[in-house]
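Worksheet: the structure to be examined is printed underneath.
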Protein chains: 2
Amino acid sequence: MSLTFEGVLADRSTWRLENCSIGKSMEVIGTRSSMLILREAFYGTTRFDDFARRTKLTDAIVAARLKELTDIGLFVRRPYQEPGRRSRYEYLLTEKGRDLVPAVFALMQWGNKHLQGDDGGPLRLVERGTGEPVVIGPRTVSGRDLELEDLAIVAHGDWAG
Amino acid sequence: MSLTFEGVLADRSTWRLENCSIGKSMEVIGTRSSMLILREAFYGTTRFDDFARRTKLTDAIVAARLKELTDIGLFVRRPYQEPGRRSRYEYLLTEKGRDLVPAVFALMQWGNKHLQGDDGGPLRLVERGTGEPVVIGPRTVSGRDLELEDLAIVAHGDWAG
DNA sequence: GTTCTGACTATCGAATCGTGAAGTTAGGAG
DNA sequence: CTCCTAACTTCACGATTCGATAGTCAGAAC
């Protein structure tokens with residue numbers, strides 16, 4: 001019914017979780033507005049007013065969130081200039097930001113399946129070119145798909161394989 | 001630099017996102033406490049006080065969150081009885097709850113890489129038995145790993161492949 | 001019947017999140 | 001020099017989140 005613990009973690013009653021990465025991540029990006037802004041960034045949006053219009057968040061929230069996400073290092077703020085226009089800033093995803101693709105689209109995948117009607121929501125994620133459906137989930141580095149029961153947690157440096 | 005839109009979505013300026021699954025998901029489970037409780041559930045926790053102790057959330061929050069998540073259908077509340085003890089309730093993950101495995105562990109994966117020190121945090125996700133490292137990310141149903149640039153969005157019923 | 005314990009509920013306060021509306025600022029267009 | 005616009009900032013407000021602390025309640029143990 002759940003995953004297993006290996007090595008020193010095997011007895012769940014003997015340890016508690018400090019420095020949990022899930023909790024830390026949620027403190028950093030655990031708001032609806034952050035996720036919507038990231039969604040737009042993955043969709044190619046780079047400019048302030050496009051973020052605001054497309055997410056339907058208010059200016060104030062978008063400004064606060066972009067500043068926050070930039071400070072954290074998910075975006076870089078870079079000046080740009082269209083010909084005959086004044087210079088502006090655009091917000092470009094860093095690698096740290098792009099590494100959130102699995103997290104954000106996993107939420108989309110779950111929402112499509114469980115929060116939308118029978119049609120599964122308005123949008124589908126597919127492979128570019130082939131149109132083959134895309135799924136997000138755990139797998140080994142050698143490519144095998146895994147279920148919850150196939151997973152195990154090990155402590156750093158504690159290899160029980 | 002980002003994913004592409006196919007079919008009727010190709011011109012990003014002509015449409016806006018209604019009923020976004022990401023937004024809906026975040027409204028339902030977008031709190032730190034929800035994620036921590038789900039983490040514990042994936043780790044095998046089923047009882048109220050274990051949730052409270054292991055997540056270090058207060059009783060009040062855990063009670064509120066468990067009720068919420070049960071109402072939504074991520075948990076079922078089932079009576080159980082240990083021999084010589086009074087009957088209690090336990091909280092068991094439904095399929096809807098287990099389908100959040102990619103979302104929750106994607107956050108863990110990201111936090112391990114970007115929010116922890118050089119050691120990458122205390123815990124690692126591996127395959128049970130083999131100990132092979134596990135990664136969470138997008139791939140085609142035929143098993144190819146994908147980058148952000150390999151992804152495309154299509155409207156439901158609009159197959160442009 | 002008293003005690004103990006697991007599973008909650010109640011109240012308070014601080015911080016954060018979000019909306020709406022209005023104001024500011026820099027710089028090219030005319 | 002004035003207008004316009006993108007990119008913000010500020011303010012007022014309500015809702016939600018979470019921690020801390022304390023209290024309740026049911027039922028087996030004794």
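Just so we're on the same page: letters track the sequence lines, and every chain starts at 1.
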Just how far is it from atom CG of A/L125 to atom CG of A/N112, taken to the nearest 0.5 Å?
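One finds 9.0 Å between CG of A/L125 and CG of A/N112.
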| request: Locate the shortest heavy-atom distance separating B/P102 from A/Q109; write the atom from each residue and the value. | output: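 Closest approach of B/P102 to A/Q109: CG-NE2, 4.3 Å.
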Whole angstrom value for the distance that separates [atom2] of [N] from [atom1] of [X]:
X: A/F51; N: D/dC8; atom1: CZ; atom2: C1'; value: 15 Å
X: B/E27; N: C/dC17; atom1: CD; atom2: C1'; value: 12 Å
X: B/R88; N: C/dC4; atom1: CZ; atom2: P; value: 16 Å
X: B/E90; N: C/dG6; atom1: CD; atom2: P; value: 16 Å
X: A/L57; N: D/dC8; atom1: CG; atom2: P; value: 15 Å
X: B/R53; N: C/dA7; atom1: CZ; atom2: P; value: 10 Å
X: A/L36; N: C/dG18; atom1: CG; atom2: P; value: 9 Å
X: B/I37; N: C/dA7; atom1: CD1; atom2: P; value: 14 Å

- request: For the residue pair B/W15 and A/Y43, categorise the inter-ring angle as parallel (less than 30°), tilted (30 to 60°) or perpendicular (more than 60°).
  value: tilted
*asked:* Classify A/D49 by what it touches in the nucleic acid, base, sugar-phosphate, or nothing, heavy-atom distance under 4.0 Å.
replied: sugar-phosphate
[X], nearest nucleotide to its side chain (from [options]):
X: B/S33; options: D/dC18, C/dA7, D/dA7; value: D/dC18
X: A/R77; options: C/dG18, D/dC8, D/dA7; value: D/dC8
X: A/R32; options: C/dT19, D/dA20, D/dC8; value: C/dT19
X: B/T58; options: D/dC18, C/dC8, D/dG19; value: D/dG19
X: B/F48; options: C/dT19, C/dC8, D/dT9; value: C/dC8
X: B/I61; options: D/dG19, D/dA7, C/dG6; value: D/dG19

The answer to which of A/D59 and A/S34 contacts DNA chain C further toward the 5' end, by nearest nucleotide, is A/S34
Between B/A60 and B/D50, which residue's closest nucleotide on DNA chain C lies nearer the 5′ terminus?
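It is B/D50 whose nearest nucleotide is closer to the 5' end.
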Can you tell me if the side-chain N/O atoms of [X] get under 4.0 Å from OP1 or OP2 in [N]?
X: B/Y91; N: C/dA7; result: no
X: A/R65; N: C/dG18; result: yes
X: A/Y80; N: D/dA6; result: no
X: A/K67; N: D/dT9; result: yes

Q. Given side chains that start at C-beta, do those of B/L115 and B/W110 come closer than 4.5 Å, heavy atoms only?
A.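 In short, these two side chains touch, coming nearer than 4.5 Å.
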Judged by nearest nucleotide, the residue sitting upstream toward the 5' end of DNA chain D, A/A64 or B/K56, is A/A64
key: Test: B/E149 and A/R128 ion pair at under 4.0 Å   = no
Self-check item: salt_bridge(A/R65, A/E68) N-O dist < 4.0 Å
Solution: yes
